[in-house]
A.B. asks: 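Quick one: structure below, then a few questions.
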Amino acid sequence: MTQKHTPPVVTWIGYLALALLVVLPLAVLTVRSGAWQQGLLLYALACAGAAVLLLICLALLVLPRFRDQRKAILSRALLTLPGTLLILVLFGSGGDVPSIHDITTDTTDPPVFTAAPERRGEGSNSLAIKPDVIEAQVEAYPNITTLVSADGLEQTFKRSLQVARELGWEVYREDLNAGYIEAVETTAIMGFKDDIVIRIRTNAEGTIVDLRSVSRVGRSDLGANAARIQRFAEAFAG
């Protein structure tokens with residue numbers, strides 16, 4: 001029985017798909033090493049390349065001349081799925097969010113970081129309040145608002161500290177007298193660090209809790225900081 005010859009285009013698709021699959025973890029390691037811009041670029045290129053190869057595979061599958069190679073094409077197409085799915089998730093998470101990385105529950109008087117500046121490093125994003133960022137947040141996240149507690153300040157402080165730790169945040173400042181908590185959360189895959197400050201104080205409504213979450217690097221957080229504050233609010237209320 002004569003062995004079927006695999007066309008060069010199908011062979012090279014396999015080589016490229018495998019190479020791009022290997023690049024994905026290398027890109028993650030590059031980001032985690034500190035070269036986050038180069039790592040993200042490599043990550044984006046690998047994902048985009050995988051998506052292009054998948055489209056080519058789909059085109060080949062419908063061509064009559066590659067009818068006998070469909071099994072080989074499908075096996076190579078499988079190698080492109082991780083990168084393609086990752087780029088779909090990336091576009092899906094960042095499609096409707098503004099290009100900002102600083103979110104707060106109090107847009108008129110945002111909580112101020114005290115301990116974070118020493119930890120963030122020289123290349124980190126500024127912690128200065130920017131009016132245009134506040135405007136973008138108000139439009140994009142109208143549901144991000146101050147939390148109100150019926151408990152006293154000390155009990156609310158303890159509850160806030162408990163929730164922060166339950167969410168996996170690393171607390172590096174807890175000052176009951178000032179009513180401030182500062183912490184950092186590290187993302188699971190890329191290892192990005194985002195700083196969070198929690199301010200607890202009292203007014204005529206009771207005890208109020210405000211948060212602010214700021215990414216150390218990058219222009220857009222793809223909605224991560226708003227989602228973080230929302231998770232805290234849900235856990236705090238529960």
A.B. asks: Please tabulate, for side-chain N and O atoms in residues 138-147, each donor-acceptor pair with protein atoms closer than 3.5 Å (sequence neighbours left out).
C.D. replies:
| from | atom 1 | to | atom 2 | distance (Å) |
| --- | --- | --- | --- | --- |
| Asn143 | ND2 | Gln230 | OE1 | 3.3 |
| Thr146 | OG1 | Asp210 | OD1 | 2.5 |

A.B. asks: Going by side chain to side chain contact (heavy atoms under 4.5 Å, CB included), Arg212 matches just one of Ile103, Asp102, Ile196, Ile229. Which one?
C.D. replies: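 With Arg212 as partner, Ile103, Asp102, Ile196, Ile229 yield a single side chain to side chain contact (heavy atoms under 4.5 Å, CB included), made by Asp102.
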A.B. asks: Evaluate Thr80 against Leu20 for side-chain contact (heavy atoms from CB on, under 4.5 Å), listing each step before the verdict.
C.D. replies: CA-CA 8 Å; Thr80 71; Leu20 292 174; over 6 Å; no
A.B. asks: Taking C-beta and beyond as the side chain, do Val31 and Leu40 meet within less than 4.5 Å on heavy atoms?
C.D. replies: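 Yes. Closest side-chain heavy atoms under 4.5 Å.
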A.B. asks: Considering residues at least two apart in sequence or located in another chain, which fulfil the side chain to side chain contact (heavy atoms under 4.5 Å, CB included) criterion with Val148?
C.D. replies: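 For Val148, the residues satisfying side chain to side chain contact (heavy atoms under 4.5 Å, CB included) (neighbours in sequence not counted) are Glu205, Ile208.
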A.B. asks: Considering residues at least two apart in sequence or located in another chain, which fulfil the salt bridge (charged side-chain N to carboxylate O under 4.0 Å, His left out) criterion with Arg228?
C.D. replies: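 Partners of Arg228 under the salt bridge (charged side-chain N to carboxylate O under 4.0 Å, His left out) test: Glu185, Asp194.
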A.B. asks: Hey, any chance Leu18 and Leu81 share a hydrophobic cluster, counting ILVMFWY side chains that come within less than 4.5 Å of each other, even indirectly?
C.D. replies: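 No, Leu18 and Leu81 fall in different hydrophobic clusters.
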A.B. asks: Identify, with sequence neighbours excluded, every residue that meets salt bridge (charged side-chain N to carboxylate O under 4.0 Å, His left out) alongside Asp221.
C.D. replies: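 Checked Asp221 against salt bridge (charged side-chain N to carboxylate O under 4.0 Å, His left out); zero matches.
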A.B. asks: Do Val163 and Leu211 sit in one hydrophobic cluster, given that two such residues count as connected whenever their side-chain heavy atoms are within less than 4.5 Å of each other, even indirectly?
C.D. replies: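 Val163 clusters together with Leu211.
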A.B. asks: Does a salt bridge link Asp109 with Arg201, judged by any charged N lying under 4.0 Å from a carboxylate O?
C.D. replies: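 Yes.
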A.B. asks: Work out which heavy atom in Arg32 is nearest to a heavy atom in Met190; give both atom names and the distance.
C.D. replies: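 Looks like CG-O, 3.1 Å.
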A.B. asks: Where is the tightest heavy-atom contact between Thr104 and Pro111, given as atom of each residue plus distance?
C.D. replies: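 Reported closest heavy-atom pair: OG1-CD, 3.3 Å.
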A.B. asks: Taking only residues two or more places apart in sequence, or in another chain, which ones meet Leu41 in a side chain to side chain contact (heavy atoms under 4.5 Å, CB included)?
C.D. replies: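 Here the qualifying residues are Leu45.
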A.B. asks: If you compare all heavy atoms of Ser160 against all heavy atoms of Ile200, which two are closest, and at what distance to 0.1 Å?
C.D. replies: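 In this case the closest contact between Ser160 and Ile200 is OG-CG1, 4.0 Å.
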A.B. asks: What I'd like to find out is whether the side chain of Pro7 reaches to under 4.5 Å of the side chain of Gln69, using heavy atoms alone.
C.D. replies: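 Side chain of Pro7 against side chain of Gln69, heavy atoms only: contact under 4.5 Å found.
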A.B. asks: Can you list every pair that meets ring-ring contact (aromatic ring centres under 6.0 Å, His included) and has a residue in residues 10-46, with sequence neighbours left out?
C.D. replies: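 Sorted result for residues 10-46: Trp12-Tyr15.
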A.B. asks: Could you tell me whether the side chain of Arg76 and the main chain of Val10 form a donor-acceptor pair under 3.5 Å?
C.D. replies: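 Checked: pair present.
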A.B. asks: Could you tell me the separation between the CZ atom of Phe192 and the NE2 atom of His101, rounded to the nearest 0.5 Å?
C.D. replies: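 Spacing of CZ (Phe192) from NE2 (His101) equals 13.0 Å.
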A.B. asks: Just to verify, what does Cys57 make a side chain to side chain contact (heavy atoms under 4.5 Å, CB included) with, not counting sequence neighbours?
C.D. replies: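 Residues passing side chain to side chain contact (heavy atoms under 4.5 Å, CB included) with Cys57: Ile13, Ile73, Ala77.
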A.B. asks: Consider only side-chain heavy atoms of I, L, V, M, F, W and Y, link residues closer than 4.5 Å, and tell whether Tyr180 and Val184 are in one cluster.
C.D. replies: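 No.
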A.B. asks: From Thr207 OG1 over to Phe157 CZ, what is the distance, rounded to the nearest 0.5 angstrom?
C.D. replies: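 Reported value, rounded in 0.5 Å steps: 12.5 Å.
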A.B. asks: Is there a side-chain contact between Val112 and Val197, using heavy atoms and a 4.5 Å cut-off?
C.D. replies: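 In short, these two side chains do not touch, never coming nearer than 4.5 Å.
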A.B. asks: Quick one: list whatever passes side chain to side chain donor-acceptor pair (under 3.5 Å) with Arg67, sequence neighbours left out.
C.D. replies: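 In terms of side chain to side chain donor-acceptor pair (under 3.5 Å), with neighbours along the sequence ignored, Arg67 is linked to no residue.
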A.B. asks: With sequence neighbours excluded, what pairs up with Arg173 under the salt bridge (charged side-chain N to carboxylate O under 4.0 Å, His left out) test?
C.D. replies: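 Result, salt bridge (charged side-chain N to carboxylate O under 4.0 Å, His left out) vs Arg173: Asp175, Glu182.
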A.B. asks: Is there a chain of hydrophobic side chains (I, L, V, M, F, W, Y, each step under 4.5 Å between heavy atoms) that links Phe66 to Leu53?
C.D. replies: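 Yes, Phe66 and Leu53 fall within the same hydrophobic cluster.
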A.B. asks: According to ring-ring contact (aromatic ring centres under 6.0 Å, His included), does anything in residues 205-238 pair up with another residue at least two apart or in another chain? List the pairs.
C.D. replies: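 Non-adjacent pairs meeting ring-ring contact (aromatic ring centres under 6.0 Å, His included): Trp169-Phe232, Phe232-Phe236.
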A.B. asks: With side chain to side chain contact (heavy atoms under 4.5 Å, CB included) as the test, pick out the partner of Ser215 among Asn225, Thr187, Leu222.
C.D. replies: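 By the side chain to side chain contact (heavy atoms under 4.5 Å, CB included) criterion, Ser215 pairs with just one of Asn225, Thr187, Leu222: Asn225.
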A.B. asks: Using a strict 4.0 Å threshold on nitrogen-to-oxygen distance, state whether Arg120 and Asp195 make a salt bridge.
C.D. replies: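 Salt bridge between Arg120 and Asp195, a charged N being under 4.0 Å from a carboxylate O: yes.
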A.B. asks: Within a strict 4.5 Å, meaning less than it, do heavy atoms of the Val209 and Arg159 side chains meet?
C.D. replies: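 Sidechains of Arg159 and Val209: no contact.
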A.B. asks: Of all the heavy-atom pairs spanning Pro82 and Leu21, show the shortest one and how long it is.
C.D. replies: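 Minimum heavy-atom separation between Pro82 and Leu21: CG-CD1, 3.7 Å.
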A.B. asks: Using the salt bridge (charged side-chain N to carboxylate O under 4.0 Å, His left out) criterion, which residues pair with Arg70? Sequence neighbours excluded.
C.D. replies: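 Checked Arg70 against salt bridge (charged side-chain N to carboxylate O under 4.0 Å, His left out); zero matches.
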A.B. asks: Atom CD1 in Ile100, atom CG in Asn125: separation rounded to 0.5 Å?
C.D. replies: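 It comes to 12.0 Å.
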A.B. asks: Restricting to side chain to side chain donor-acceptor pair (under 3.5 Å), what partner residues turn up for Thr186, sequence neighbours left out?
C.D. replies: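 Testing Thr186 for side chain to side chain donor-acceptor pair (under 3.5 Å), a comparison that skips the adjacent residues, returns Lys193.
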A.B. asks: Which atom pair, heavy atoms only, marks the closest approach of Ile181 to Leu161?
C.D. replies: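 Minimum heavy-atom separation between Ile181 and Leu161: CD1-N, 3.8 Å.
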A.B. asks: Could you pull out the closest heavy-atom pair between Ala46 and Leu24, with the gap in Å?
C.D. replies: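 Looking at all heavy atoms of both residues, the shortest contact is CB-CD2, 3.9 Å.
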A.B. asks: Group every Ile, Leu, Val, Met, Phe, Trp and Tyr by side-chain heavy-atom contacts under 4.5 Å, then state whether Leu54 and Leu78 land in the same group.
C.D. replies: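 Yes, because Leu54 and Leu78 connect within a single hydrophobic cluster, where side-chain heavy atoms sit under 4.5 Å apart.
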